[in-house]
Protein chains: 2
Amino acid sequence: MSFSAGMLNNVPCHSCPLRAKGPFKDYADRDIRFLDELKKDHVAFEAGRDIVMAGDTDPPLYTLFSGWAFRYKLLPDGRRQILNFLLPGDPIGFQGHMFEASPHSVQTLTDVEVCSFHRSKIWELFRSHPELAFDLTWLTAREECFVDDNLLTAGRRSALEAVGALLIHLYKRADALGMHRNGGVEFPLTQNHIADALGLSLVHTNKSLRKLSKIGMHEIKNGTLTFMNGRAMEKLAQIFDDPVAARPLL
Amino acid sequence: MSFSAGMLNNVPCHSCPLRAKGPFKDYADRDIRFLDELKKDHVAFEAGRDIVMAGDTDPPLYTLFSGWAFRYKLLPDGRRQILNFLLPGDPIGFQGHMFEASPHSVQTLTDVEVCSFHRSKIWELFRSHPELAFDLTWLTAREECFVDDNLLTAGRRSALEAVGALLIHLYKRADALGMHRNGGVEFPLTQNHIADALGLSLVHTNKSLRKLSKIGMHEIKNGTLTFMNGRAMEKLAQIFDDPVAARPLL
DNA sequence: CGACTTGTTGAGCCCATTCAATGCTAGTGG
DNA sequence: CCACTAGCATTGAATGGGCTCAACAAGTCG
């Protein structure tokens, strides 16, 4: 395996900048101290790199510290389906730890930093830190929520609705984490990622995006996404509200 | 609310017939005793009934004891997407308990019996029965696996592949639970359920099913599904293997 | 018996796909 | 500075998979 993951200076959990971000929960000192024990390293990966491969046995246990990533699956002939997108605070690789092999792959979308944890101590977490264990379950359930929504989108929304719904979903999540950029939010996806998340062809995804921006719904430029008319977009995309996406992490 | 749920004689967990089924785990006496405490009732619902509605706050906590059910979501105009199917041993309503409201509905496919649990004691489960808590997380992760797979199917498989993949998936799960019926397994889905699980139209689903059975892949008759050529079906459906489906519960 | 659910089949259309070509931007190396 | 490459976005044209509409068969139930 090539060496492209760089070590960084380890950020202790008790002073993690993510804790200050809006939706994070306040833990007891005891829990935070345990997290620090659990934490092994602070690692960086460049954009476009697979950090977990489907089939890996005992893949590493990470938490996304900064940057974007996504989970995906492949068919034997190469067709790709993106399952959901990962933002700072999201766990990586826990599913693979629960089964004999990871059922999916994880790839970085941007340069990222991840916190790596000692796999062997997960059981201890359940035994002596029930609050953390509960939250781990909560995070797993939350991720399932996102996949459920994406399945509804891919299965039952038209291409135009689907593209709109995905943009809104990602906007809300990035917004809740404060990933702003002059009027909009950071948006590192290519049209190929959008197509593979929605089960559409690249060409049709492009045409749908153009149509949406042409009727003044949104704009994507220089890696930032801005909504000109968010309410109209929600209506077009057949969305009521998505409280889970807006309040991401405990 | 109409009264159509019937009370049955309460089956204590320590003598639950599901424990004898292949893939179930052996728990410590202490854990089983706690489960018995946790268990409130044993309830029956008839086929085609919603037992959890999207938006319900604090929905009941169930475990499917016998029969089939499914989780689904609706768009405002009525389009339905089935997320995954529930078989005996599967938990129901835990996601709704984790958020302020249930993000999806659950409907019975057959007459079912469910075990209902005291919601208020879930936290105690995490605090004093880490093994059970871990397994609850495991079950949540396993369900996500199924949804991931279904998303891959709906998004990237052709109609013919998709129908084949769904039939195989359900066959494996029912088989692992011993739900046999003269050469095949119990299969209570209508073509409408298949269509809504795969994001296809009813008509096209029918034509795909007919094509598959016409080329000798399978047969569905009197509520039982039989494969005439399982290996060929797996190849056609672009499936390698699905270890998670075959080994369902712990 | 009529009402209803489920499955089946044909006809025609359209949304989304594939194929193909082009422009744009950034990076690389001479 | 320019030639060359590579990745991404864009657009048109033609095809087709899956859609809607419509009608009908068969079984079940009150």
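These numbers were taken from a predicted model, which means no experiment stands behind them. Numbered from 1 within each chain, the chains take letters A, B, ... in sequence-line order.
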Report task. For the side chain of N206(B), starting at C-beta, report the closest nucleotide among dT8(C), dT17(C), dG18(D). Result -> dT8(C)
Query raised in the report: When we call it a touch if two heavy atoms are under 4.0 Å apart, what does G199(B) touch: a base, just sugar-phosphate, or nothing?
Result: sugar-phosphate
Report summary line: Testing dA11(C), dG18(D), dT17(C) for proximity to the side chain of K207(A), the answer is dT17(C)
Report summary line: Among the nucleotides dT9(C), dT20(D), dT17(C), whichever has the atom closest to the side chain of S201(B) is dT20(D)
**Report entry** Lys/Arg-Asp/Glu bridge criterion (N-O < 4.0 Å) met for R71(B), D90(B)
**Finding:** no
Report summary line: Atom NE2 of H193(B) and atom P of dT5(C) are separated, to the nearest Å, by 13 Å
**Report entry** Spacing of N222(B) atom CG relative to dA26(D) atom C1', expressed in whole Å
**Finding:** 13 Å
**Report entry** Length of the CG-P vector between L198(A) and dT17(C), whole Å
**Finding:** 10 Å
Query raised in the report: What nucleic acid atoms does L209(B) come within less than 4.0 Å of, heavy atoms only: base, sugar-phosphate, or nothing?
Result: nothing
Report summary line: Separation of dT11(D) atom P from K211(A) atom NZ, nearest Å, is 12 Å
Query raised in the report: Could you state the interatomic distance from CG (L86(B)) to CH2 (W68(B)), rounded to the nearest 0.5 Å?
Result: 10.5 Å
Requested in this report: Give the nucleotide from the list dT6(C), dG12(D), dG10(C) with an atom nearest to the side chain of V203(A).
Outcome: dG12(D)
Query raised in the report: Only one of I51(B), V112(B), L61(B), T63(B) forms a side chain to side chain contact (heavy atoms under 4.5 Å, CB included) with I92(B), so which one is it?
Result: I51(B)
Requested in this report: Side chain of Q191(B) only, please: which of dT18(C), dA9(D), dG7(C) is the nearest?
Outcome: dG7(C)
Query raised in the report: Which of the following nucleotides, dC19(C), dC19(D), dC8(D), is nearest to the side chain of L200(B)?
Result: dC19(D)
Requested in this report: Let me see the working for Y171(A) and H218(A) under side chain to side chain contact (heavy atoms under 4.5 Å, CB included), right down to the final yes or no.
Outcome: CA-CA 11 Å; Y171(A) 184 95; H218(A) 79 290; over 6 Å; no
Query raised in the report: Reckon L202(A) touches a base, only the sugar-phosphate, or nothing at all at heavy-atom distances under 4.0 Å?
Result: nothing
Query - Interatomic distance, R156(B) CZ vs dA16(C) P [rounded to whole Å] - result: 13 Å
Requested in this report: May I ask you to verify if any side-chain N or O of R210(A) is less than 4.0 angstrom from the OP1 or OP2 atom of dT11(D)?
Outcome: yes
Query raised in the report: N192(B) has an atom CG; how far is it from atom P of dT20(D), in whole Å?
Result: 12 Å
